Enquirer: 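Here you go, one structure.
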Amino acid sequence: MPRAGLTTERLVRAGAELADEVGFEQVTVSALARRFDVKVASLYSHLKNSQDLKTRIALLALEELADRAADALAGRAGKEALAAYADVQRTYAREHPGRYAAARLPLDAQTAAASAGVRHAQMTRAILRGYDLAEPDETHAVRLLGSVFHGYVSLELAGGFSHSAPDSEETWAWVLDRLDALLRDPAVLSGASHGAVSGKDHAPKS
C-alpha cells in the first residue's frame, strides 16, 4: 500500500532536491527512501525503479527550464532574446546543478516528444528566426547554441574559469556578442567568408 503523505510528485521533487545536493548520478530510490526514513519497498508503488525516478526528474527540470525561458523571452527578439535564453540556462545550472544535469538525460523518442524539450527546441528556433536563417543553417545554429551554452556552463560549474583573468562574466558577455555577430553574418554561416573568393581570383597576376 502507498505510504500516507507520499505521492509521486512529492518524491520526484525530493529527488530533484537530492540531485542538487549530491549530484544527479547519486540519485536512487534507495537514497530517496533514506531521505524519507522509509523502506525502499514503500516507494515502489510510486516509482518503478531508479531510472524511472531519474527520468521524472529530467522531465521536471525540462519543464522548469522551459517556464523560465518563456518568461525571459517575452517581448524580446534578436540579441536580447539570445542573451535572455542563454542567461536562463546559466542561472538555472548555478542554482540547480543536479536538475541541470538531469535535463541532459537521454530520453526515449516517445518520452522526449511529450516532454518540455519540444518547447526548448521551439523557443530556440523562434530566437533564430530573428536572424533570418534558412535551412540547414537554422538547424546547424540550434546545435551550435546548445553546444556553446552547455559547454560554457559545464566548464564554469567545474571551476574551469575561476583561476585566471578576465572574469567569467566578461567572457560570457563576449561569447554572446560573438554569437550574435556570427548569426547576423549569413556568409560565415553558409560556409563562405567575406574574404573568400574564387580560385581564379587567387591566380597569380602576369
Side-chain angles (χ1 to χ4, degrees), residues 24 58 61-97 99-107 109 112-113 115-203:
F24 182 58
L62 287 169
E63 192 73 37
E64 289 179 341
L65 260 173
D67 289 343
R68 286 195 184 193
D71 289 342
L73 288 173
R76 291 186 167 94
K79 184 185 175 184
E80 281 193 359
L82 177 70
Y85 187 76
D87 286 341
V88 164
Q89 305 290 320
R90 188 176 180 223
T91 301
Y92 188 81
R94 287 172 160 182
E95 294 176 355
H96 301 293
R99 284 170 161 92
Y100 179 78
R104 270 64 199 168
L105 182 72
L107 303 173
S115 77
V118 175
R119 291 172 62 196
H120 286 280
Q122 292 171 340
M123 283 186 282
T124 304
R125 289 188 180 274
I127 292 169
L128 291 172
R129 281 196 291 275
Y131 292 94
D132 196 26
L133 301 179
E135 287 292 3
D137 291 337
E138 184 178 295
T139 297
H140 293 326
V142 168
R143 295 169 180 172
L144 171 67
L145 294 184
S147 299
V148 172
F149 297 158
H150 178 57
Y152 193 97
V153 167
S154 297
L155 289 170
E156 188 176 50
L157 286 177
F161 307 136
S162 59
H163 304 298
S164 61
D167 182 81
S168 183
E169 293 293 335
E170 182 178 341
T171 302
W172 179 248
W174 184 93
V175 167
L176 296 180
D177 283 343
R178 297 310 182 274
L179 281 174
D180 175 66
L182 172 65
L183 293 171
R184 292 182 186 282
D185 193 333
V188 173
L189 286 175
S190 64
S193 68
H194 292 305
V197 290
S198 65
K200 67 178 182 179
D201 289 329
H202 278 296

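Everything numeric here is computed off the predicted structure, so don't read it as measured data.
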Enquirer: First locate atom CG of L128, then atom CG of L183, and finally report the distance between them rounded to the nearest 0.5 Å.
Expert: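 Here the interatomic distance stands at 6.0 Å.
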Enquirer: Before giving the answer on side-chain contact (heavy atoms from CB on, under 4.5 Å), spell out for L82 and Y131 the whole-Å C-alpha distance, their side-chain angles and the decisive distance to 0.1 Å.
Expert: CA-CA 10 Å; L82 177 70; Y131 292 94; 3.7 Å; yes
Enquirer: Show, in sequence, the C-alpha distance, side-chain angles and deciding distance for Q122 and R125, and conclude whether the side-chain contact (heavy atoms from CB on, under 4.5 Å) test is met.
Expert: CA-CA 5 Å; Q122 292 171 340; R125 289 188 180 274; 6.0 Å; no
Enquirer: Under a 4.0 Å threshold between the charged nitrogen and the carboxylate oxygen, would E63 count as salt-bridged to R119?
Expert: yes
Enquirer: Please report the closest heavy-atom contact between V153 and A93, naming both atoms and the distance.
Expert: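 Smallest heavy-atom distance, with atoms named: CG1-CB, 3.2 Å.
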Enquirer: Find the distance between CG (L105) and CG (L62) and round it off to the nearest 0.5 Å.
Expert: 9.0 Å
Enquirer: Applying the side chain to side chain contact (heavy atoms under 4.5 Å, CB included) test to Y100, which of E95, E64, R90, H150 qualifies?
Expert: H150
Enquirer: Drop me the distance from K79's NZ to R184's CZ, to the nearest 0.5 angstrom.
Expert: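 It is 8.5 Å, given to the nearest 0.5 Å.
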Enquirer: Just so I know, are the side chains of L176 and D87 near enough to count as touching, which here means a heavy-atom distance under 4.5 Å?
Expert: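 Contact flag for L176/D87 side chains = yes.
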Enquirer: Which atom names give the shortest non-hydrogen contact between S168 and F161, and what distance separates them?
Expert: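 That would be OG-CD1, 3.9 Å.
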Enquirer: Start with the C-alpha gap between L179 and L144, add the side-chain angles, then the distance that decides, and say whether side-chain contact (heavy atoms from CB on, under 4.5 Å) holds.
Expert: CA-CA 9 Å; L179 281 174; L144 171 67; 4.2 Å; yes
Enquirer: Working to the nearest 0.5 angstrom, can you tell me the gap between R143 CZ and T124 OG1?
Expert: 12.5 Å
Enquirer: Mark yes when over 12 heavy atoms from residues, nucleotides or ligands other than D177 sit less than 6.0 Å from its CG; otherwise mark no.
Expert: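 Yes.
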Enquirer: Closest approach of A113 and V118, non-hydrogen atoms and distance?
Expert: O-CG2, 3.4 Å
Enquirer: For Y152 and V175, what are the C-alpha separation, side-chain angles and deciding distance, and is it a side-chain contact (heavy atoms from CB on, under 4.5 Å)?
Expert: CA-CA 9 Å; Y152 193 97; V175 167; 4.3 Å; yes
